Amino acid sequence: MHELGIVFYIIRDVKQAAGENGVTKVNAVVMNIGEVSTVVPEYLTDCWRWAADKEDLLRGSELKVNVTPAVSWCEDCHQEYPTVQYGKTCPFCASEHTFLRRGNEVEIKEIEVPND
Ligand SMILES: [Zn+2]
């Protein structure tokens with residue numbers, strides 16, 4: 001499953017960041033998942049539960065998914081518009097010279113650690 005592979009990448013990055021910062025316990029990891037990325041947030045959190053509980057650092061931690069909106073840019077009229085609503089056609093000038101600017105990302109936004 002595609003999401004499980006992504007979870008392993010997240011775990012690797014979180015472990016690395018934790019090691020660099022002397023963190024031994026993580027409460028939650030907050031992800032930015034683009035609206036038009038191919039990741040299904042529900043699958044991602046299911047995979048997280050399974051994989052994170054095998055790691056001391058991440059046992060019991062939560063994966064929070066922050067879905068970020070997809071935005072396209074029109075090269076002809078130089079405006080941004082919401083991709084999901086209008087697709088490849090600019091709603092301002094009907095041009096098809098458009099490209100996705102944001103909304104495809106799968107990135108760690110924040111790592112939450114216990115305060116002490
Ligand atoms: Zn346009």
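Note that ligands are numbered from 1 as they come in the structure, with each ligand's atoms numbered from 1 the same way. Only this structure's heavy atoms are used, side chains among them; waters, hydrogens and symmetry mates stay out. Numbering starts at 1 and runs along the sequence shown. Only a predicted model underlies this, so the values are computations on that prediction, with no experimental measurement involved.
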Q: Is the shortest distance from a Lys or Arg side-chain nitrogen in R102 or E80 to a carboxylate oxygen in the other one below 4.0 Å?
A: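 Salt bridge between R102 and E80, a charged N being under 4.0 Å from a carboxylate O: yes.
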Q: Determine the interplanar angle of the Y86 and Y81 rings, folded into 0 to 90°, and report it as parallel if under 30°, tilted if 30 to 60°, perpendicular if over 60°.
A: perpendicular
Q: Please state whether the separation between the Zn ion (ligand 1) and some N/O/S atom of C74 is under 2.8 Å?
A: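 Yes.
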Q: How open is the angle at the Zn ion (ligand 1) from atom SG of C93 over to atom SG of C77, rounded to 10 degrees?
A: 110°
Q: Using a distance threshold of 2.8 Å, state whether an N, O or S atom of H78 lies below it from the Zn ion (ligand 1).
A: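 No, outside the cut-off.
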Q: Check whether any side-chain heavy atom of E35 sits under 4.5 Å from a side-chain heavy atom of T83, and report yes or no.
A: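 They are not in side-chain contact.
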Q: Would you find a donor on one side and an acceptor on the other, under 3.5 Å apart, between the side chain of W48 and the backbone of S61?
A: yes
